[in-house]
Amino acid sequence: GNSVTQMEGPVTLSEEAFLTINCTYTATGYPSLFWYVQYPGEGLQLLLKATKADDKGSNKGFEATYRKETTSFHLEKGSVQVSDSAVYFCALSPISSGSARQLTFGSGTQLTVLP
Amino acid sequence: DTGVSQDPRHKITKRGQNVTFRCDPISEHNRLYWYRQTLGQGPEFLTYFQNEAQLEKSRLLSDRFSAERPKGSFSTLEIQRTEQGDSAMYLCASIPEGLLNTEAFFGQGTRLTVV
């Protein structure tokens, strides 16, 4: 079956530090890959996505590249801000038509950015 | 607000009672999902509707759980004879039709506490 493994937290960084959150996946075929973010007291929001190998998703200074050879989709940001403090979830969705194409999530990584 | 809305936001119930949650997806989205998220974990898939048809159910969805989407618009999730292990955040998400549409829009969730 499909699975997602992401770096365990919590992660604590100082403002303007470099961020990497590792994510690897197991899936048949070529799934779509996502990073979702959950700010305190809010619902899950899509941060970025990539739908095929070598695609780079980017948003709000965050980036992740779909690496088929290493089955990875690591999240990076060059300079984090206090407002980036949240829980980050890596997820995949199979592409095949006729299925539910439900998301399979990792366990989440809590990021705290200190001023 | 045209996002996914869930009601109630919080529910505290005694063990053995029945509870029902409601989800109103984005109006033009025909695909609707329920997920369950326990503390420190990523969301786990429960069930999927395409319009009014319930097309997939997870093994997590025991006989005490039932979901409906009678007119292909809003959906309800009922838990009968609640147990303490049912305490979790229940999330609803919707996606428009189309193989290339992959972004799931999540509601803020219903937090269930069984005492």
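The chains referred to below are lettered A, B, ... by the order of the sequence lines, with proteins before strands, and numbering in each begins at 1.
In I12(B), the CD1 atom is not crowded: 12 or fewer heavy atoms of neighbouring residues, nucleotides or ligands sit closer than 6.0 Å. Heavy atoms from other residues, nucleotides or ligands lying under 6.0 Å from OH of Y30(A) number 12 at most. Around CD of E68(B), the count of heavy atoms belonging to other residues, nucleotides or ligands within 6.0 Å does not exceed 12.
Scanning both residues, Q102(A) and Y33(B), for their nearest heavy atoms gives CA-CE2, 3.8 Å. In this structure, R101(A) and R31(B) approach most closely via the heavy-atom pair NH1-NH1, 3.4 Å. Taking every heavy atom of both residues into account, F89(A) and Q37(B) meet most closely at CZ-NE2, 3.2 Å.
Per-residue counts of heavy-atom pairs under 4.5 Å with chain A were compared for G107(B), G109(B), P43(B), A104(B); the largest is that of P43(B).
For a residue to count as touching a neighbouring chain, one of its non-hydrogen atoms must lie under 4.5 Å from one of that chain's; by this rule I95(B) does not touch chain A. At a 4.5 Å heavy-atom cutoff, the contact between R9(B) and chain A is made by side-chain atoms alone. No part of Q6(A) comes within reach of chain B, as not one of its non-hydrogen atoms sits under 4.5 angstrom from that chain. Residue S32(A) touches chain B through its side chain alone, counting heavy-atom pairs closer than 4.5 Å.
Rounding to the nearest 0.5 Å gives a distance of 12.0 Å between CD of E103(B) and OG of S93(A).
Hydrophobic clustering, with ILVMFWY side chains joined whenever heavy atoms are under 4.5 angstrom apart, groups V113(A) together with V37(A). F73(A) is connected to L19(A) through a chain of hydrophobic side-chain contacts under 4.5 Å among Ile, Leu, Val, Met, Phe, Trp and Tyr, so both are in one cluster. Residue Y66(A) is grouped with residue F62(A) when hydrophobic side chains (ILVMFWY) are merged at heavy-atom distances under 4.5 angstrom, including chains of intermediate members. Residues F105(B) and L46(A) do not share a hydrophobic cluster, clusters being chains of Ile/Leu/Val/Met/Phe/Trp/Tyr side chains in contact below 4.5 Å. The hydrophobic clustering, which links ILVMFWY residues whose side-chain heavy atoms are closer than 4.5 Å, places L61(B) and Y48(B) apart.
Aromatic pair F105(A)/F45(B): ring centres not closer than 6.0 Å.
Using a distance-only test at 3.5 Å, with no hydrogens or angles considered, a donor-acceptor pair links the side chain of Y35(B) to the main chain of L103(A).
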